[in-house]
**Q** 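My questions will all concern the structure given below.
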Amino acid sequence: EIPAQQTAVAGGFASGANVSVAAWQNAEMSSENDIIFNNVCSLLSFGFETDADAILTKSVTVKMKNETGYINIAGNVSVSYNPEGDLVVSEGTTDNIVLTAPTGGFAKGVTYYVLVAPVGKIAEMELTYNHTDKTTTCTRRNSNIVASLDRSSLVPLDIIPVAYDDLPQ
C-alpha cells in the first residue's frame with residue numbers, strides 16, 4: 001500500500017512510503033539464483049521559494065490527471081512480474097496524497113519528496129498548499145506536463161506557491 005497520508009522529511013521521504021518488492025530470480029533468467037529487489041513507487045520532488053510560504057504551509061495535497069481524469073496515485077496497488085521478468089504495478093485506489101509538514105514545519109531551500117504509484121504518462125499536476133492558521137488554500141495546476149510517473153523515476157515539481165499574503169482575504 002502506498003500511503004495517502006505521508007509526513008514530510010527534509011531531503012527524504014515519509015517512513016513506510018517507499019514500497020519495495022522482492023522476487024527470486026531462477027537460473028532460467030540468470031546465471032545464478034538471486035533475490036531481486038525493486039522499488040515500486042515514483043518520486044515527486046518540490047520545495048518552497050520563500051520562508052513565509054514554507055512556514056505557513058501545514059500540508060500539501062497532490063493530485064494528477066491523465067487524458068481521462070484524475071489518476072489513483074495512492075492506496076492499495078497490485079504488484080506482479082510479467083513473463084519477461086518486468087515489474088508491473090496497478091493504479092492505486094486513492095486519487096490524492098496529503099503530505100503533512102514535518103515537526104517544526106516546512107523550510108525554504110529544502111527538497112521534499114512524495115512517493116506515488118507509477119501510473120505512467122500524466123497530463124496535469126495539481127498541488128494544493130493548505131495554510132496553517134486559515135482555511136485558505138493555494139492551488140497550483142500545471143496542465144502543460146510532459147512527464148511520466150514510472151517506477152523508480154524522479155519527477156521534479158516546479159510548482160511553488162505565491163505568498164499567501166498575495167491571496168484574496
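Sequential numbering from 1 along the given sequence is applied to the chain's residues.
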**Q** For residues Asp53 and Tyr129, determine if any side-chain heavy atom of one lies less than 4.5 Å from a side-chain heavy atom of the other.
**A**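 SC-SC contact between Asp53 and Tyr129 ruled out.
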
**Q** Hey, are the side chains of Asn18 and Asn39 touching, using non-hydrogen atoms and a 4.5 Å cut-off?
**A** yes

**Q** Can you get from Ile2 to Phe13 by hopping between Ile, Leu, Val, Met, Phe, Trp and Tyr side chains that sit under 4.5 Å apart?
**A** no

**Q** Distance-only check: which donor-acceptor pairs under 3.5 Å involve side-chain atoms of residues 106-116, not counting sequence neighbours?
**A**
{"residue": "Tyr112", "atom": "OH", "partner": "Ala107", "partner atom": "N", "Å": "2.8"}

**Q** In the structure I gave you, are the side-chain heavy atoms of Thr93 and Asn72 within less than 4.5 Å of one another anywhere?
**A** no

**Q** Hey, does Asn38 have a side-chain heavy atom less than 4.5 Å from the side chain of Arg151?
**A** yes

**Q** Are Ile122 and Val62 connected in the hydrophobic side-chain network, where two residues link if heavy atoms are under 4.5 Å apart?
**A**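 Yes, Ile122 connects to Val62 through the hydrophobic network.
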
**Q** Does Phe46 belong to the same Ile/Leu/Val/Met/Phe/Trp/Tyr cluster as Leu149, with side-chain heavy atoms less than 4.5 Å apart forming each link?
**A**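 Yes, Phe46 connects to Leu149 through the hydrophobic network.
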
**Q** So among Thr7, Thr128, Asn130, which one has a side chain to side chain donor-acceptor pair (under 3.5 Å) with Ser59?
**A**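 For Ser59, the side chain to side chain donor-acceptor pair (under 3.5 Å) test succeeds with only one of Thr7, Thr128, Asn130, which is Asn130.
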
**Q** About how many Å separate CG of Asp51 and CG of Leu56, when rounded to the nearest 0.5 Å?
**A**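 Reported to 0.5 Å precision, the distance equals 10.5 Å.
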
**Q** Is there a side-chain contact between Asp95 and Lys63 in this structure, where contact means two heavy atoms from C-beta onward sitting under 4.5 Å apart?
**A**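 SC-SC contact between Asp95 and Lys63 confirmed.
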
**Q** Does any part of the side chain of Ser90, heavy atoms only, come nearer than 4.5 Å to the side chain of Val77, both counted from C-beta?
**A**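 A side-chain contact under 4.5 Å exists here.
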
